[in-house]
Amino acid sequence: MSDKYQLTVIGAGPGGYVAAIRAAQLGLKTAIVEKEYVGGACLNWGCIPSKTLLYVTELKRTLESAGRVGLTADNIQIDIDKLLKHKNDTIKRLTGGVKLLLEKAGVDIYSGAAAFVSNRQIQIKGDKTDTTVQSENFIIATGASPMELPMLKTNGKTIIGAREAIDIPFVPKEMLVVGAGPIGVEMATVYNTLGAKVTIIEIFDSVLPMLDSDISIASEKALKKQGIDFLLSSKVVSSKTDSDKVIVSRETPSGKMEKTFDMVLVAPGMKPNTTSLKLDKAGVKTHDKGFIGVNGQMRTNVKNIYAIGDVAGGILLAHKASHEGLVAAEAVSGRSLTADWKAVPYAVFTDPEIAGIGMTEKEAKELGRDIKIGQFPYRAVGKAIATLASDGFVKVISDAKSDELLGIHIFGSHAGDIIFAGTAMMEMDATAEDLGQVMAVHPTLSEALMEAALNVNKQAIHIIN
């Protein structure tokens, strides 16, 4: 005897649980399957716990620098046990909330690992029993996991991945971070503030190499100022453990070198979670390093099977997964909503924050676009000066002829909040002039976005254009 549903979602992360709730709202008999934790990687060891750690470490740096405005505090310390308790309490509260939302929406929750038997049936292997579920439609939302490097096998203590890093097994004296992507630079910031001497090694020639070059340069400068070292255009070729140390051999532009570290964080990128799904049984095809191909409604090559979030490739972001979950659920119910990847904002929660949307300057030029660029520094914003947040800028890129917004990139305090206005404007195909005419509250940091848009057409007020 098997359970039957109109829709079954595999994976209860920010894409999966959103899809399941929306499907139930639309009247579909819905189930969701999760092999580990409700809330997925984002709530349990990714977005939320890492931002909890970043918040506390940012507070420490803020207090240490506040003496120049009259706020003094001596010997500021972070209690690791209390910090981890706060992190774990935050996770428990949010994941419990997601589970309650699913239950109240009428979604049946299954615990276990799902694998396809056919395009209309899956087997769920639980801790104690196996269950067969038949479904008219499926949404695959299994996410992605950190890539592993053969020369750096994780052991959970001296060689760790992002998942172990949030539990802070200990604060090392010397730490190597492999990969200067968002995970690498964020966790490097945490451990550096906790007292570790951190070096980041990156195979490309820049920090956060996927971002606009002006943002990458500013980020590297800020992180160096905080005491983080970089080895760019470099890679790890081998490693060996010696007691509680890791001896790492690195290939750099200056030649091969060897150094001993107390901890190595491996953060080179992500890979899709598809290997255990038995996609071949359902006829679902993968491409591009194992990611599942989808169309604008998130449908795979099999008509009744959809894929959303990290497992479907593209930019690997939780909010993108949630949006795609809404699109897929609506498609299953017969509606015509489609995903639009033009207005997908990103954020990196270093200090200062980074956020953006759309094309980088390099991408726009590679596509043959004739562009105009406007910039505005935080140091020309009253609120930034008053709150010691003057290290930053906004960069707006538009089409030289039509003035259409092509990209917005922010390096500065509260960038992740400010980018929302830019996202809304790009979603509506606005121009730089349109964005510049949107009133920003004074005094706020969002004035920098308004003025950068004005500067595209040399109309900014508070700088010399």
Side-chain angles (χ1 to χ4, degrees), residues 5 7-23 30-47 95 98-99 102 107-127 130-131 133 135 137-148 161-163 269-294 298-302 304-329 331-332 339:
Y5 295 91
L7 172 65
T8 300
V9 181
I10 305 173
Y17 80 74
V18 168
I21 291 171
R22 176 51 56 86
T30 305
I32 193 165
V33 185
E34 174 54 52
K35 71 175 183 179
E36 198 168 12
Y37 304 115
V38 170
C42 179
L43 266 64
N44 289 278
W45 60 266
C47 318
T95 55
V98 169
K99 187 175 181 181
L102 288 165
V107 178
D108 290 341
I109 304 172
Y110 290 82
S111 297
F116 282 97
V117 177
S118 70
N119 70 319
R120 294 189 181 273
Q121 185 172 309
I122 58 171
Q123 183 111 28
I124 303 170
K125 288 190 175 293
D127 292 336
D130 294 351
T131 306
V133 168
S135 189
N137 300 278
F138 290 95
I139 295 176
I140 302 170
T142 47
S145 299
M147 292 173 61
E148 298 175 355
R163 188 163 186 163
M270 305 292 284
K271 61 180 181 180
N273 295 328
T274 56
T275 52
S276 64
L277 288 173
K278 297 185 180 179
L279 295 176
D280 57 310
K281 298 283 187 180
V284 175
K285 295 180 180 178
T286 61
H287 64 83
D288 191 18
K289 300 180 182 179
F291 293 99
I292 300 173
V294 294
M298 311 311 298
R299 184 180 277 120
T300 70
N301 63 293
V302 179
N304 68 312
I305 299 179
Y306 301 74
I308 62 173
D310 291 359
V311 77
I315 306 173
L316 309 187
L317 297 167
H319 47 275
K320 174 174 172 285
S322 296
H323 177 72
E324 291 174 350
L326 297 176
V327 170
V332 171

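Count residues from 1 along the sequence.
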Participant: For the backbone of T8 and the side chain of S135, can you confirm whether one donor and one acceptor N or O come within less than 3.5 Å of each other?
Facilitator: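 Checked: pair present.
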Participant: Distance check, rounded to the nearest 0.5 Å: T286 atom OG1 versus L277 atom CG?
Facilitator: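 It comes to 10.5 Å.
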Participant: Report yes if some heavy atom in the side chain of V33 is under 4.5 Å from a heavy atom in the side chain of F138; otherwise report no.
Facilitator: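 No, too far: nothing below the 4.5 Å cut-off.
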Participant: Under 3.5 Å, is there a donor-acceptor pair between the side chain of D310 and the main chain of A321?
Facilitator: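 Answer holds: no.
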Participant: Could you go through I122 and I10, starting from their C-alpha distance and side-chain angles, then the distance that decides it, and tell me whether this counts as side-chain contact (heavy atoms from CB on, under 4.5 Å)?
Facilitator: CA-CA 10 Å; I122 58 171; I10 305 173; 4.2 Å; yes
Participant: Can you tell me how far CE of M298 sits from NE2 of H323, rounded to the nearest 0.5 angstrom?
Facilitator: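 It is 9.0 Å, given to the nearest 0.5 Å.
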Participant: Given 3.5 Å as the limit, does a donor-acceptor pair link the side chain of T95 with the main chain of G39, or not?
Facilitator: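 No, the answer is negative, given that no donor and acceptor are paired below the 3.5 Å cut-off.
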Participant: Determine the minimum heavy-atom distance between I308 and A141, stating which atoms define it.
Facilitator: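 Closest approach of I308 to A141: CG1-CB, 3.6 Å.
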Participant: For T274 and V284, what are the C-alpha separation, side-chain angles and deciding distance, and is it a side-chain contact (heavy atoms from CB on, under 4.5 Å)?
Facilitator: CA-CA 11 Å; T274 56; V284 175; over 6 Å; no
Participant: With a 3.5 Å distance limit and no angle check, can you tell me whether T142 reaches the backbone of N273 through a side-chain donor-acceptor pair?
Facilitator: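 Yes.
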Participant: A19 and I139: which non-hydrogen atoms are nearest, and at how many Å?
Facilitator: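 The answer is CB-CD1, 4.0 Å.
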Participant: If we only count heavy atoms from C-beta on, is the T30 to D108 side-chain gap below 4.5 Å?
Facilitator: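 T30 vs D108: side chains apart.
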Participant: Are any side-chain N or O atoms of N119 and backbone N or O atoms of I305, one a donor and one an acceptor, separated by less than 3.5 Å?
Facilitator: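 No; zero donor-acceptor contacts below 3.5 Å.
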Participant: Could you tell me which non-hydrogen atom of Y306 sits nearest to which non-hydrogen atom of R299, and how far apart they are?
Facilitator: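 Taking Y306 first and R299 second, the nearest heavy atoms are OH-NH2, 2.7 Å.
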Participant: For Q123 and A115, indicate whether the former's side chain and the latter's backbone hold a donor-acceptor pair under 3.5 Å.
Facilitator: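 No, Q123 side chain to A115 backbone: no donor-acceptor pair under 3.5 Å.
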Participant: Go through the steps for F116 and I140 under the test side-chain contact (heavy atoms from CB on, under 4.5 Å), then give the verdict.
Facilitator: CA-CA 11 Å; F116 282 97; I140 302 170; 3.9 Å; yes
Participant: Can you see which heavy atom on L102 is nearest to which on A20, and at what distance?
Facilitator: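 Closest approach of L102 to A20, heavy atoms only: CD2-CB, 4.0 Å.
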Participant: Could you tell me whether the side chain of K281 reaches within less than 4.5 Å of the side chain of S118, counting heavy atoms only?
Facilitator: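 No, every pair of side-chain atoms sits at 4.5 Å or beyond.
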Participant: Taking all non-hydrogen atoms of both residues, which atom of R163 and which atom of Y37 are closest, and how far apart?
Facilitator: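 Looking at all heavy atoms of both residues, the shortest contact is NH2-CE1, 3.3 Å.
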Participant: Quick one: CD on E34 to NZ on K99, what's the gap to the nearest 0.5 Å?
Facilitator: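 Between E34 CD and K99 NZ, I get 11.5 Å after rounding to 0.5 Å.
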Participant: Check whether any side-chain heavy atom of Y17 sits under 4.5 Å from a side-chain heavy atom of V38, and report yes or no.
Facilitator: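 Result no, sub-4.5 Å side-chain heavy-atom pair not found.
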Participant: Measure from the side-chain N and O atoms of S322 to the backbone N and O of P14, and report whether any donor-acceptor pair falls under 3.5 Å.
Facilitator: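 Present.
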Participant: For V332, does its backbone N or O pair with a side-chain atom of N137 as donor and acceptor, under 3.5 Å?
Facilitator: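 No.
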Participant: Taking all atoms of both residues into account, what is the closest heavy-atom pair of K320 and G314, and its distance?
Facilitator: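 Nearest heavy atoms, K320 then G314: NZ-CA, 4.3 Å.
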Participant: Tell me, with the steps shown, if K125 and D130 meet side-chain contact (heavy atoms from CB on, under 4.5 Å).
Facilitator: CA-CA 5 Å; K125 288 190 175 293; D130 294 351; 3.3 Å; yes
